[in-house]
Amino acid sequence: MKFGIKFKIILGISLLLIVCTAFNLGYSYKLFTEDKTSYIFEAGLKKAENISDQINFKLNDLIVRAEFNSALLGNPEIDFDKLINNQNEIVMVGILETKNGQASIVKEYLNTKSTNRLSAAYGINPNDFIKEVLSSANTFSLLSGGETLILSPKSNLKFLLHITKMVKSENLLFSISDLSPLLEIFYKDQIYINKIISLTSARERRENAEWISGINYQKSKKGAFETKINNQDVLLAYVFVNDKILVLNAINKSEAFGITKYLILKTSIFAFFLLGLATIAGIYFSSSITFPIIKLTNNAKKIAKGDFSSKVHIKTSDEIKILGDTFNLMSSEIRILLKNKEQLIAKLEDYSKNLEKMVEKRTLELKEANDFMALMVNSLDQGLLVFDNELKCHPMFTKACEQIFGISPLDKSIPEILSISNVEALESLKQWSQVVFNEMIPFESAIGLGPRQKITGRSYDDLDYKFVQIDYYPMRDDDDKISNVVMIGTDRTNEVQATEKAKEKEAYVSMILKILNNKPQFESFVSEVEDIFGQFKKAFSIEEKKIEFDLCMMLFHTLNGGFGIYNITKLQLIARDCENKISNIKDTNPDILEYIPVLESYVENLKQEFLNFKVELDSLVGTKFATNQHFTEVSRDMILELKKLVLQTNNEELKHYYSEYFVKVPIINYFKAYDDLCKTTAIKINKEFNGLTFHNSELRIEVEPLLEFFNVLVHLFRNCLDHGIEDASIRQLNGKDPVGHIDISFDTVNSPEGKLLLVVIQDDGAGIDPQVIRTRWQKMNADKDISNLLDKEVIYKIFDPFFTTRDEVSDLSGRGVGMSAIKEVVDHLNGYIEIESHIGIGTIFSFLIPVNELL
């Protein structure tokens, strides 16, 4: 079969285009699918890792919260319900009790805000959580503590459950944290399918069996592979958060490669378009070539068959020659064009490959940069936001802004952020913005003119007080001009409060020292103040319907000055405020009868505050200003000289008066310090104790002979707390008040030997176990035998030198010298010690010390 030149030209061009296009499509499709698959797996792993990291963060946060809550749960001073409601992401905290392998809930604390939201949005109530907790607790062995897993009480909702052993208790503490705000973003993903699977839940493993069937649990912690889900090809990535929680990220392969099909279709249409153009061109060129050759000569068959490398030699010099030369020229040009076309196709192919890689790389870089910026910005504990020259906030800001400034910067302006509403202040702020953005002065100088702090609350000791320090940093464009300004707010409340409290304490100490150093003058001032309060009766009178405003102002002014001399700041401010109020109203002609009660309230308030101040001063330095008793200090030498004169007289009444009021003092003066010691010691060893209880504490005694006895009792108080008072949890198990008690009573007893001081110290602790004393004493004294001693006799062995029941020495006990020191001092004073102890009830120490009165 013979084919014409026209057919061959058309067929050759078409085949060439078809081969080139098919090769290009096949190669590009293979390269694109491999790169796309790799990119999808990498993106899926990153998403899964991101979810895993955030779950781990929530998990660690929940564990810390659980330990924190466990530590505070037994503290009666903590409002635990309020504490739980202040922890936004906590849904429920409770106590589990396990008996015979079965768990039951003893107590639960609900975050009402979280549970109300979950109930309204998803119909989940606390009973749903309780069922999940009990199911989980009965499935796993939690006695070792530290179990953490995912709860799924409904649909795709996920909650973190952490169960840990409670501090000082055999019970377990469980905490449930809401993951829905975190996972809501992932579940709304329009491209990828995100799953979080609790591997400890048989229901979730069963529902997701097809998803997890291809995952090797033992050999890999993360990975990616292609699988079939519901008879559809899926690209799946997975990451294990831990051995109980699995994160999956998947995408339907057909959807993932939808763009690929679109590119193939588009390229095929373009190829058919080129093929059509080539066919038209081939017909045109073949017609132009074949008609002259057919008409002129059959010798052009070789050239007509498409051999463009050959030359057609036309010897004639007419139009055929011109046609032949033109044909030769055209043949040469076609050859060049084909070569250029091949080069162009190769270049286009390389460019297509490089362009795809560049786009993919740039997309990845932008994503990583955005993710990094978002992570960095949202991890800042400072309020960072950006505003323009119109003082409008940009949508990029840190999460801490709302907490620090008390308002979200979204769609807000700087005046709204800083709570500036005054017209003059707003105008000043706008002018400052123009100065900053137009750089009328250097930026460093300009920011000093703007707002540098935001303060809420009237005083630093108010509950709603907050001090936010504000700093500014410029953002410049390519022309080095300020385009935006970064505002950073830092919460300095604690620092400011600490500074102000330190100043307040310093002023308070200065006030006390000034009063003590000028006690006679201050006593005179106290009398003067009382006199001034009496003068107010002359300044206003309802009966006479008069108010002497100038006299009132003068009296308050005098009080203001007097309080200022001694740095009594609070009273000084009250007096000054009263003076200012009277000054502001006196020229307004107020109604006399209506205003006199106001003045009376001013005076009464200041009198009450002055009385409170005197009571506080008396308790601090031992004065009697509150009861208007004044004292004169005399030296010890003068007291001793008086003693000689008293002893020289035979006046028994005078001797008795001197002894009672110049020699004897209240015994409580020498035991007050032990109250603070016991409270501090209890905190140190983590025991519940509210302080000592005293009886007959105003008993007056001569202390000189007894000082050594009073001082050595420090060892007994430490032992009562360390050995006697049990931990709060143990006391509760034994049916006791978790708070330990130590009672001290004082009295005097008449005996044949003379007058005795009786000091009884009683605790409600564990008591002294005679068997423990026997075992320990026998171990320390193997060559001696005390088996013949009664139990009530054995317990006195605690006073033996170097005897202790502790195996290790601590700051409080363990050396065996404290109780023996007490016994030594009592013996030296010819006193007696009696012990009465009952196991589980407590111990009573009774000390009888002879009293040798000086007179």
Side-chain angles (χ1 to χ4, degrees), residues 373 376-378 380-500 503 573 576-588:
M373 283 296 294
M376 181 189 71
V377 167
N378 288 325
L380 293 174
D381 59 356
Q382 293 177 307
L384 184 151
L385 58 88
V386 180
F387 65 89
D388 57 21
N389 61 345
E390 295 182 356
L391 298 175
K392 293 182 179 179
C393 299
H394 288 205
M396 175 66 78
F397 54 86
T398 60
K399 292 181 178 178
C401 281
E402 186 169 355
Q403 178 182 356
I404 290 178
F405 291 111
I407 185 175
S408 172
L410 186 64
D411 299 328
K412 298 294 189 304
S413 65
I414 294 300
E416 292 175 296
I417 297 298
L418 300 181
S419 302
I420 297 176
S421 56
N422 181 272
V423 176
E424 293 181 1
L426 284 173
E427 185 61 30
S428 176
L429 188 62
K430 291 177 182 178
Q431 292 176 359
W432 172 74
S433 174
Q434 296 305 312
V435 171
V436 170
F437 281 91
N438 294 329
E439 297 191 75
M440 299 177 182
I441 58 176
F443 182 82
E444 291 73 15
S445 301
I447 60 175
L449 304 176
R452 301 310 302 273
Q453 61 194 29
K454 179 181 180 181
I455 301 175
T456 55
R458 297 182 61 185
S459 174
Y460 74 91
D461 55 357
D462 289 346
L463 292 177
D464 61 343
Y465 178 79
K466 179 179 284 188
F467 184 99
V468 178
Q469 175 183 310
I470 300 175
D471 296 303
Y472 303 92
Y473 296 93
M475 296 177 66
R476 299 184 181 273
D477 55 20
D478 295 338
D479 297 329
D480 201 32
K481 293 183 179 180
I482 297 178
S483 58
N484 294 288
V485 173
V486 178
M487 185 172 83
I488 300 177
T490 306
D491 191 345
R492 301 290 188 196
T493 304
N494 292 336
E495 298 174 25
V496 172
Q497 288 177 328
T499 302
E500 292 300 325
K503 291 179 181 178
L573 292 175
R576 184 184 304 165
D577 183 56
C578 292
E579 180 184 356
N580 292 335
K581 288 178 179 177
I582 296 173
S583 175
N584 293 333
I585 200 171
K586 74 171 187 174
D587 295 329
T588 63

How far does [atom1] of [X] sit from [atom2] of [Y], to the nearest 0.5 angstrom?
X	Y	atom1	atom2	answer
I404	T493	CD1	OG1	9.0 Å
L429	L391	CG	CG	5.0 Å
N438	N389	CG	CG	8.0 Å
I482	M475	CD1	CE	11.5 Å
T456	D464	OG1	CG	6.0 Å
R576	K581	CZ	NZ	14.0 Å

Heavy-atom pair with the smallest gap, counting every atom of [X] and [Y]:
X	Y	answer
K466	Q403	NZ-O, 2.6 Å
C393	P409	CB-O, 3.5 Å
G489	V468	CA-CG1, 3.9 Å
G457	D462	C-OD2, 4.1 Å
M440	Q434	CE-O, 4.1 Å

Can a donor-acceptor pair be found between the side chains of Q382 and T490 at a distance below 3.5 Å?
yes

Testing the 3.5 Å rule here: is there a donor-acceptor pair between the side chains of S413 and E416?
yes

Whether over 12 other heavy atoms sit under 6.0 Å from [X] [atom1]:
X	atom1	answer
K586	NZ	yes
E424	CD	no
Q453	CD	yes

Does [X] reach the main-chain N or O of [Y] with its side chain, forming a donor-acceptor pair under 3.5 Å?
X	Y	answer
D577	L573	no
K454	S419	no
R452	I470	yes
D477	D479	yes
T499	E495	yes

Using the side-chain contact (heavy atoms from CB on, under 4.5 Å) rule, take Y473 and I447 through it: C-alpha gap first, then chi angles, then the decisive distance, then the call.
CA-CA 9 Å; Y473 296 93; I447 60 175; over 6 Å; no

Could you tell me if the side chain of [Y] sits less than 4.5 Å from the side chain of [X], heavy atoms only?
X	Y	value
V496	I455	no
S421	L426	no
Y472	V436	no
K412	F405	no
F397	L410	yes

Anything under 30° is parallel, anything over 60° is perpendicular, the rest tilted; go ahead and classify W432 against F387.
tilted

Quick test of your reading of the model: are K392 and D411 salt-bridged, counting only N-O distances below 4.0 Å?
no

